[in-house]
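All figures in this text were calculated on a predicted structure; none of them were measured in a lab.
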Amino acid sequence: MHSVSDLTTFARRTQGDVPPPLVGGRLVSLRKMVSDMYEFDLQTYVWKKLEPSPDEEVPGPRYFHSADAWNNHLVIFGGMGYTESVSDELCVLSDVRIFSLATRSWLPSTPVQTASAEESIDGVEVPPPRARYAHLSSITSSRLFIIGGQNLSNDWLDDIHVYDLPTKTWVMWKPYPRHCGTYRSVAVCASKRVRNPSDEARAIAAAASSGMSINSGKASPPPQGYQFLGPVGARFIPERGVGSNVLRPIANHGNTAPDGPTPTREL
């Protein structure tokens, strides 16, 4: 366990159905993938193995998949698995499966649906995503973003796919001009906004060219529709009251702008 407040790491002895050593979804001892689910109580330090019901449609064993939290559900996508349940032959997956935290069970799988040009976000017909592992994923505004990854031949897949979770439809596809995997990557999204540093930089430059001052104490208002949290990379420190874990921006350092929502770009 790692403390964000003082950057220390510590270990605690756990009890219950302690899982065997795993690398992703693969047993270290047998080098075999599994589809077991475990629940860990962060207050009691007790593990519990979640046993599926006999009629539950459990996803196949896999590793190098992605997992994201959404509306009291876990959403997994892709990864590397087996071609058949009784085979050790490897394959790469492209399925979206959802686990309900309320019922502790997997929701049934759904057919692959893709948006037509008329239905898609940007007016382009959306292809289904190619199977992949070691990709990057995140969820924002009830949409799952899948970025990059590799296929079974370890070729890089340079694209972005967007999956609308309420309608269970792939609604956008874009090429991505760089290689991207998740071996050492992480993505974090707010529930409603995506901060776009390039958009902010352009807005600040436009304000400067028009004679607006954003950071002075007597600043003219920023361009309409833009309020700033400060320069990209501005430091934040914990400011905790009783029972609060809210992070607040460091108080006025001259280059920190007033609080407010960041500019957004609809995706």
Side-chain angles (χ1 to χ4, degrees), residues 19 22-26 33-42 48-53 55-82 91-115 119-121 126-151 157 159-174 176 180-195 266-267:
L22 293 165
V23 177
R26 188 175 68 172
M33 288 177 275
V34 294
S35 55
D36 299 338
M37 288 282 292
Y38 290 87
E39 177 185 274
F40 182 64
D41 190 310
L42 292 168
K48 178 183 179 182
K49 186 176 182 180
L50 303 180
E51 299 290 353
S53 62
D55 58 347
E56 191 171 334
E57 187 182 344
V58 179
R62 66 189 69 202
Y63 77 140
F64 278 124
H65 55 284
S66 60
D68 296 275
W70 170 71
N71 286 0
N72 210 29
H73 293 82
L74 294 179
V75 180
I76 68 168
F77 172 81
M80 186 172 285
Y82 297 123
C91 70
V92 182
L93 306 166
S94 62
D95 56 337
V96 177
R97 293 300 309 272
I98 300 177
F99 183 83
S100 169
L101 297 174
T103 63
R104 301 295 194 273
S105 63
W106 290 99
L107 304 184
S109 60
T110 57
V112 177
Q113 299 183 90
T114 59
E119 299 167 330
S120 69
I121 294 174
V126 180
R130 292 172 287 175
R132 65 193 67 202
Y133 75 98
H135 50 277
L136 184 66
S137 76
S138 191
I139 291 177
T140 184
S141 299
S142 294
R143 285 174 176 164
L144 170 68
F145 289 72
I146 302 296
I147 307 172
Q150 293 174 258
N151 62 18
L157 304 178
D159 56 11
I160 300 174
H161 287 264
V162 181
Y163 184 77
D164 186 76
L165 289 160
T167 63
K168 297 180 172 58
T169 303
W170 292 101
V171 294
M172 193 177 79
W173 170 85
K174 288 284 188 183
Y176 189 67
C180 182
T182 58
Y183 294 108
R184 293 177 177 88
S185 303
V186 64
V188 178
C189 281
S191 59
K192 295 182 180 179
R193 290 185 171 88
V194 177
R195 182 169 185 174
E266 292 298 327
L267 298 171

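- Taking the side chain as every heavy atom from C-beta outward, Ile76 and Arg62 approach each other to under 4.5 Å.
- Screening Val162, Asp159, Ile160, Ile121 for a side chain to side chain contact (heavy atoms under 4.5 Å, CB included) involving Trp173 leaves a single residue, Asp159.
- In this structure, Met33 and Met80 approach most closely via the heavy-atom pair SD-O, 3.0 Å.
- Across all their heavy atoms, Ile146 and Arg132 have their closest contact at CG2-CD, 3.8 Å.
- Taking both residues in full, the closest heavy atoms of Ser142 and Asn71 are given as OG-ND2, 4.4 Å, listed atom of the first, atom of the second, then distance.
- Between Ser109 and Glu57, some side-chain heavy-atom pair lies under the 4.5 Å cut-off.
- With a 4.5 Å cut-off on side-chain heavy atoms, Leu107 and His73 count as touching.
- The distance between the ring centers of Trp170 and Phe77 falls below 6.0 angstrom.
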* To do: Assess whether side-chain hydrogen bond (donor to acceptor under 3.5 Å, both in side chains) is satisfied between Thr169 and Asp164, documenting all intermediate values.
  => CA-CA 5 Å; Thr169 303; Asp164 186 76; over 6 Å; no
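- Considering only heavy atoms from C-beta on, Val92 stays 4.5 Å or farther from Ser94 through its side chain.
- Judged by distance alone, with hydrogens and angles left aside, the side-chain atoms of Arg130 form no donor-acceptor pair with the main-chain N or O of Asn151 at under 3.5 Å.
- Using a distance-only test at 3.5 Å, with no hydrogens or angles considered, no donor-acceptor pair links the side chain of Tyr63 to the main chain of Val34.
- The CG atom of Asp95 sits 10.0 Å away from the OG1 atom of Thr110 when rounded to the nearest 0.5 Å.
- The shortest side-chain heavy-atom distance between Val75 and Val96 falls under the 4.5 Å cut-off.
- Although no hydrogens or angles enter the test, the distance criterion places no donor-acceptor pair under 3.5 Å between the side chain of Arg97 and the main chain of Trp106.
- Taking the side chain as every heavy atom from C-beta outward, Ser120 and Met172 never approach each other to under 4.5 Å.
- With contacts defined as side-chain heavy-atom distances shorter than 4.5 Å, the pair Leu165/Trp70 qualifies.
- Met37 is not listed as a side-chain neighbour of Lys49, based on a closest heavy-atom distance of 4.5 Å or more.
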